[in-house]
Amino acid sequence: QVQLVESGGGLVQAGGSLRLSCATSARTFSGYVMGWFRLAPGKEREFVAVISWSGGRAYYADSVKGRFTISRDGAKNTVYLQMNSLKPEDTAVYYCAADPSYSADAAEYRYWGQGTQVTVSS
């Protein structure tokens, strides 16, 4: 069982930045692909970004490409999502997820955090 705990969400004005963190209890952090997803009111869960086991490969949703950066720190068993140039449409609950397999499909992820709210005001 892997536990994930997100933090770093909050209220920010459009154009601002936030950095989300997701701390994991995984004993072999490098054995897991880490993903970020988001859920906005009235919408379906949306893929945001994924990073490979070693951090050498990352993939982003078109809606965040060039604005968001996913990274991971093996020494801290933590994955980050740096969000710049935030827009009101980025408002959502952001979830991190972990799975041994590389995927952008939420259905493939075995472990999930509880989520952290990000609100971007216009």
Side-chain angles (χ1 to χ4, degrees):
Q1 187 74 10
V2 175
Q3 294 183 334
L4 308 174
V5 180
E6 301 99 333
S7 61
L11 173 64
V12 64
Q13 289 188 330
S17 298
L18 283 174
R19 188 177 80 155
L20 305 184
S21 300
C22 174
T24 82
S25 66
R27 287 187 291 180
T28 54
F29 182 59
S30 62
Y32 292 90
V33 169
M34 303 298 299
W36 284 98
F37 297 83
R38 64 188 182 185
L39 182 61
K43 296 185 178 181
E44 295 186 353
R45 184 170 48 189
E46 177 187 18
F47 164 76
V48 175
V50 59
I51 190 166
S52 63
W53 306 264
S54 65
R57 179 164 54 132
Y59 176 69
Y60 299 90
D62 288 342
S63 58
V64 307
K65 199 173 296 182
R67 300 187 298 122
F68 291 10
T69 302
I70 189 171
S71 61
R72 61 191 295 161
D73 185 337
K76 298 181 178 180
N77 284 7
T78 299
V79 63
Y80 303 98
L81 185 68
Q82 178 66 44
M83 305 186 296
N84 299 328
S85 302
L86 283 161
K87 305 175 182 180
E89 52 263 45
D90 294 318
T91 295
V93 177
Y94 284 72
Y95 298 88
C96 70
D99 195 83
S101 301
Y102 189 88
S103 176
D105 184 351
E108 299 292 323
Y109 282 79
R110 191 174 310 178
Y111 303 107
W112 290 83
Q114 83 288 348
T116 185
Q117 176 71 47
V118 171
T119 303
V120 184
S121 63
S122 56

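Computed from a predicted structure; not experimentally measured.
Residues Val48 and Val12 are members of one and the same hydrophobic cluster, defined by side-chain heavy-atom contacts under 4.5 angstrom among Ile, Leu, Val, Met, Phe, Trp and Tyr. Transitive grouping of hydrophobic side chains (ILVMFWY, heavy atoms separated by less than 4.5 Å) brings Phe37 and Val50 into a common cluster. Linking Ile, Leu, Val, Met, Phe, Trp and Tyr residues whenever their side-chain heavy atoms come within less than 4.5 Å places Ile51 and Tyr32 in a single cluster. Val93 and Tyr111 fall into different hydrophobic clusters, defined by Ile, Leu, Val, Met, Phe, Trp and Tyr side-chain heavy atoms under 4.5 Å apart, directly or through other members. Taken together through direct or relayed side-chain contacts under 4.5 Å among Ile, Leu, Val, Met, Phe, Trp and Tyr, Tyr109 and Val79 form parts of separate hydrophobic clusters.
When side chains are defined from C-beta on, Phe29 counts as touching Met34, because their heavy atoms get closer than 4.5 Å. Asp99 is not listed as a side-chain neighbour of Val33, based on a closest heavy-atom distance of 4.5 Å or more.
Of all heavy-atom pairs spanning Ser103 and Asp105, the tightest one is OG-N, 2.9 Å.
For the side-chain hydrogen bond (donor to acceptor under 3.5 Å, both in side chains) test, residues two or more places apart in sequence or in another chain that qualify with Ser17 are Asn84. In this view, Asp90 and Arg38, Arg67 satisfy the salt bridge (charged side-chain N to carboxylate O under 4.0 Å, His left out) rule, not counting sequence neighbours.
Leu11 CG to Gln117 CD: the interatomic distance, rounded to the nearest 0.5 Å, is 9.5 Å. Rounded to the nearest 0.5 angstrom, Gln82 CD and Ile70 CD1 are separated by 12.5 Å.
The backbone N or O of Lys76 sits less than 3.5 Å from a side-chain atom of Thr78, completing a donor-acceptor pair. The backbone N or O of Ser52 lies less than 3.5 Å from a partner atom in the side chain of Arg72, making a donor-acceptor pair. The backbone N or O of Gly115 sits less than 3.5 Å from a side-chain atom of Glu6, completing a donor-acceptor pair.
Other residues sharing a hydrophobic cluster with Val5 under the 4.5 Å side-chain heavy-atom criterion for ILVMFWY residues do not exist; the residue is a singleton.
The ring pair (Phe, Tyr, Trp, His ring centres under 6.0 Å) contacts involving residues 53-102 comprise Phe47-Tyr59, where partners must be two or more places apart or lie in separate chains. Counting only residues at least two apart or on different chains, no disulfide (SG to SG under 2.5 Å) pair has a member in residues 31-86.
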Please tabulate, for the side chains in residues 18-26, all donor-acceptor contacts under 3.5 angstrom to protein atoms that are two or more places apart in sequence or on a different chain.
{"unit_1": "Thr24", "atom_1": "OG1", "unit_2": "Ala26", "atom_2": "N", "d": "3.4"}
{"unit_1": "Thr24", "atom_1": "OG1", "unit_2": "Asn77", "atom_2": "O", "d": "3.2"}
{"unit_1": "Ser25", "atom_1": "OG", "unit_2": "Gln3", "atom_2": "N", "d": "2.7"}

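Shown here is Lys43, whose NZ atom has no more than 12 heavy atoms of other residues, nucleotides or ligands within 6.0 Å.
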